[in-house]
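As structure tokens, the structure follows; a few thoughts come after it.
Within every chain, numbering begins at 1; the chains are lettered A, B, ... in the order of the sequence lines, protein sequences first and strands thereafter.
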Number of protein chains: 2
Amino acid sequence: MRISTKGDYATRALQDLALHYDEGPIPIEAIAQRQVLPARYLEQLLLTLKRAGVLASKRGVNGGYYLAKPPREVTLGQVLRAVDGPIAPIFCVSEENLREHCSQETTCALRDVWAEVRDAVSAIVDHTTLADICDRIRAKTKQRITYQI
Amino acid sequence: MRISTKGDYATRALQDLALHYDEGPIPIEAIAQRQVLPARYLEQLLLTLKRAGVLASKRGVNGGYYLAKPPREVTLGQVLRAVDGPIAPIFCVSEENLREHCSQETTCALRDVWAEVRDAVSAIVDHTTLADICDRIRAKTKQRITYQI
DNA sequence: AGATAGCCGACTGATTGACTCAAGTATTAA
DNA sequence: TTAATACTTGAGTCAATCAGTCGGCTATCT
């Protein structure tokens, strides 16, 4: 039940872009340095996310990537699906895979459990937006500062 | 967010063993045929599950594998963890990995989300037992028969 | 024009996934 | 006691995926 580094890196990059929303395009290199990610690899992921409609980009000097939509409208589910494919834990409960159905459906109760798992996971990732992530970080940071004073 | 074929095969094998609980040891070959699984591969998985304390076995003629505990006491979570490792979607929220913690915890809200996902998944798999699976199958089968009559 | 920065495709090396195989040991029935 | 059965153990294989890297191209701004 792992998410890949793609999912990990992509969500961290978007977390970063969301925190710097309204600052115009951010170059890959800046994101890579702040989040400690391999730049050339991140490049691929951001391009994928652009094709998925999550990001937009601007080339040349002062160019970079930026969110195609406000943070409130981008969910983690969109990001994960873009880079990692379906959320479903197993093919036979994937929404994108309706035609090919398991030969043993009638004698298998596991399928129902995997469907529950899929729903539980998407209930979380499809309802958590980048704005939520930003809010949590700000809450954390505030708390940390309070403690330090 | 996939479960591997190991998790898939192992749970199907245990579903089968649970349905045939009280029938004594069942040979690998019988399970493999009923569930349409590669026998030599299943062999490994069942051995792993034995080492994990989920299964017991008997060698020789009339030998085979059987549940080490009644179906009511075996959860899918135990099975999945035995063959696939931790449920956690990412290392930094794995219970088995407490010492090695993420360098960016204070500036990362994603970790909390992955922890939510982990909890949601384990809430399901750690509370679904093989007995539950059997009950569901029997309910399904009954329903199917009713329709056919 | 030149620097910046995204775009695109190809390539690679290591790991993991999904098995297979051979040989060994315990158990039982004939 | 021997033969058949069936789990046990460790090793080997083959392909796919992961996790990147690299070179060169194109667009944009100063």
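For C:dT16, the OP1/OP2 oxygens have no side-chain nitrogen or oxygen of B:Ser4 closer than 4.0 Å. For the OP1/OP2 pair of C:dA29 and a distance below 4.0 Å, the side-chain nitrogens and oxygens of B:Asn62 include at least one atom meeting the criterion.
Looking at B:Asp16 and B:Arg34, a side-chain N of the basic residue comes within less than 4.0 Å of a carboxylate O on the acidic one, giving a salt bridge. Between A:Asp126 and A:Arg81, at least one side-chain N (NZ, or NE/NH1/NH2) sits under 4.0 Å from a carboxylate O, which counts as a salt bridge.
DNA chain D lies under 4.0 Å from no heavy atom of any residue of residues 10-25 of chain B.
Nucleic acid contact class of B:Gln44 (heavy atoms, under 4.0 Å, all strands): base. Among the heavy atoms of the strands lying under 4.0 Å from B:Arg51 are primed sugar atoms or P, OP1, OP2 only; no base atom is included. Nucleic acid contact class of B:Leu46 (heavy atoms, under 4.0 Å, all strands): none.
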Test side-chain contact (heavy atoms from CB on, under 4.5 Å) applied to A:Thr129 and A:Val74, step by step: CA-CA 5 Å; A:Thr129 69; A:Val74 181; 5.9 Å; no
Test log, rule side-chain contact (heavy atoms from CB on, under 4.5 Å), inputs A:Arg111 and B:Arg136: CA-CA 11 Å; A:Arg111 191 173 178 280; B:Arg136 294 199 201 190; over 6 Å; no
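In this structure, B:Glu43 and A:Ile26 both approach DNA chain C, and ranking their closest nucleotides by distance from the 5' end singles out A:Ile26.
The closest donor-acceptor contact from the side chain of A:Arg2 to the backbone of B:Ala88 lies under 3.5 Å. For the pair A:Gln15 (side chain) and B:Cys108 (backbone), a donor-acceptor distance under 3.5 Å is absent.
At a cut-off of 3.5 Å, with distance as the only test, no side-chain donor of A:Asp8 or A:Thr5 sits close to an acceptor on the other residue.
Counting 5' to 3', DNA chain D first comes under 4.0 angstrom of a heavy atom of chain B and last does so at the ends given by D:dA4 to D:dA11.
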